[in-house]
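Below: the structure, in structure tokens.
What you see below is based on every heavy atom in this structure, not just the backbone, and it leaves out hydrogens, waters and symmetry mates. Everything numeric in this text was worked out from a predicted model, so none of it was measured.
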Amino acid sequence: GAQRWRETGKIPYADYKLRGPDAPAYGAAATYGPLLYVAQMPFQLVLGPRHNAADAEPKSPAYVWPPVLATQLACLTFWLLGLAALYRILRGMAGEETALAGVILYAGSPYIAGMGSPSEVIGGLAYISHIAPSAVTLVAFALAAEPAVSGLLLAVGAGVLFYPAFLFPAWFGWHLFRRQGAVRFGLGFAAGCAAIIGLVVLFSRGLEGESPGQA
């Protein structure tokens, strides 16, 4: 999805070559959050600057796929950010030893390491879509003392893979209950969401006969 965005100049949501059950990954490449694509682009450019023509067919044997290492490095970066954020959170709550123990337990969890066989793995580090949004959400929580930044980062987490947006009511209510930073948190989240929506609209293509908004 990230490479197709680079090749066509358009976000891949309406890319008919990536949609449907016959597309690579059964169409999943056209479903992720826009910032998950963006996060992989720098690694792709460094490791594999060559890409295909905009009208290239991804299912063709001649199609040059992006290097898997690019996604692996992006995933590793998110994972390390998440571990650092978790350490900061736990150190502030319970001290350094508990923070280290928490990070070790989290990093060693089968839900992070992944479960399965050498050829088939369920969950964890094998899937950047599992690691990236939780890592950004942890960073947002670690910076809860800076409500505007925390709200902005929660929106970034939603831009990576949608579901962190569902945490907004609980986090906003927490700030509201404490009477500390609810407005700044809400404004930060709203600004982040507006920027992400603008990014999607700017780089969207419409389906045939439709505008990007309709698509």
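- The local environment of CD in Glu146 is sparse, with at most 12 non-hydrogen atoms from other residues, nucleotides or ligands closer than 6.0 Å.
- Atoms CD and CZ, from Glu97 and Arg91 in turn, are 13.5 Å apart once rounded to the nearest 0.5 Å.
- The two atoms that bring Ser150 and Trp171 nearest to each other are OG-CZ3, 3.9 Å, heavy atoms only.
- Here the shortest heavy-atom pairing between Asn52 and Ala56 reads CB-CB, 3.6 Å.
- With a 4.5 Å cut-off on side-chain heavy atoms, Pro164 and Val136 do not count as touching.
- Atom CZ of Phe162 is surrounded by more than 12 heavy atoms from other residues, nucleotides or ligands within 6.0 Å.
- Here the closest non-hydrogen pair linking Pro147 and Ala145 is CD-O, 3.3 Å.
- Cluster membership for Ile196 and Tyr163, using ILVMFWY side-chain heavy atoms within less than 4.5 angstrom, is not shared.
- Judged by distance alone, with hydrogens and angles left aside, the side-chain atoms of Tyr127 form a donor-acceptor pair with the main-chain N or O of Val121 at under 3.5 Å.
- With contacts defined as side-chain heavy-atom distances shorter than 4.5 Å, the pair His130/Leu161 does not qualify.
- Leu18 CG to Arg4 CZ: the interatomic distance, rounded to the nearest 0.5 Å, is 5.5 Å.
- A 6.0 Å sphere centred on CZ of Phe141 holds no more than 12 heavy atoms belonging to other residues, nucleotides or ligands.
- The two residues Gly124 and Ile131 have their closest heavy-atom pair at O-CG1, 3.8 Å.
- At least one side-chain heavy atom of Phe189 sits under 4.5 Å from a side-chain heavy atom of Cys193.
- You'll find the side chain of Met93 stays beyond 4.5 Å of the side chain of Thr98, heavy atoms only.
- Linking ILVMFWY side-chain heavy atoms closer than 4.5 Å, directly or via other members, places Leu167 and Leu187 in two distinct hydrophobic clusters.
- Gln3 places a side-chain N or O within donor-acceptor distance of the main-chain N or O of Val64, the cut-off being under 3.5 Å.
- To the nearest 0.5 angstrom, Phe43 atom CZ is 8.5 Å from Leu76 atom CG.
- Atom OG of Ser109 sits about 13.5 Å away from atom CD1 of Ile104, to the nearest 0.5 Å.
- Contacts of Ala194 classified as side-chain contact (heavy atoms from CB on, under 4.5 Å), with partners at least two apart in sequence or in another chain: none.
- The closest side-chain heavy-atom distance from Phe203 to Leu199 is below 4.5 Å.
- Remark: the backbone N or O of Asp55 is paired with a side-chain donor or acceptor of Lys17 at under 3.5 angstrom.
- Side-chain contact between His175 and Val183 is absent, with no heavy-atom pair separated by less than 4.5 Å.
- Residues Leu154 and Leu152 fall into different hydrophobic clusters, defined by Ile, Leu, Val, Met, Phe, Trp and Tyr side chains chained together at heavy-atom separations under 4.5 Å.
- Remark: Tyr111 OH is loosely packed, at most 12 non-hydrogen atoms of other residues, nucleotides or ligands lying under 6.0 Å away.
- Checked against side-chain contact (heavy atoms from CB on, under 4.5 Å), Gln72 has the following partners two or more places apart in sequence or in another chain: Val68, Leu69.
- Listed here is the closest heavy atom pair of Gln44 and Ala2: NE2-CB, 3.7 Å.
- Counting heavy atoms from C-beta outward, Leu125 and Cys75 have side chains that approach closer than 4.5 Å.
- In this structure, Leu47 and Leu73 approach most closely via the heavy-atom pair CD1-CD1, 3.8 Å.
- Expressed to the nearest 0.5 Å, how far OH of Tyr106 lies from CD1 of Ile112 amounts to 3.5 Å.
- One hydrophobic cluster holds both Val200 and Leu202 under the rule that ILVMFWY side chains link at heavy-atom gaps under 4.5 Å.
- Placement of Leu35 and Leu80 within a single hydrophobic cluster is found when ILVMFWY residues are connected by side-chain heavy-atom separations under 4.5 Å, directly or transitively.
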Query - Evaluation steps, side chain to side chain contact (heavy atoms under 4.5 Å, CB included), between Leu176 and Phe185 - result: CA-CA 10 Å; Leu176 195 65; Phe185 177 79; over 6 Å; no

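- The structure places OH of Tyr13 at 11.0 Å from OH of Tyr32, a figure rounded to the nearest 0.5 Å.
- Remark: Trp65 CH2 is loosely packed, at most 12 non-hydrogen atoms of other residues, nucleotides or ligands lying under 6.0 Å away.
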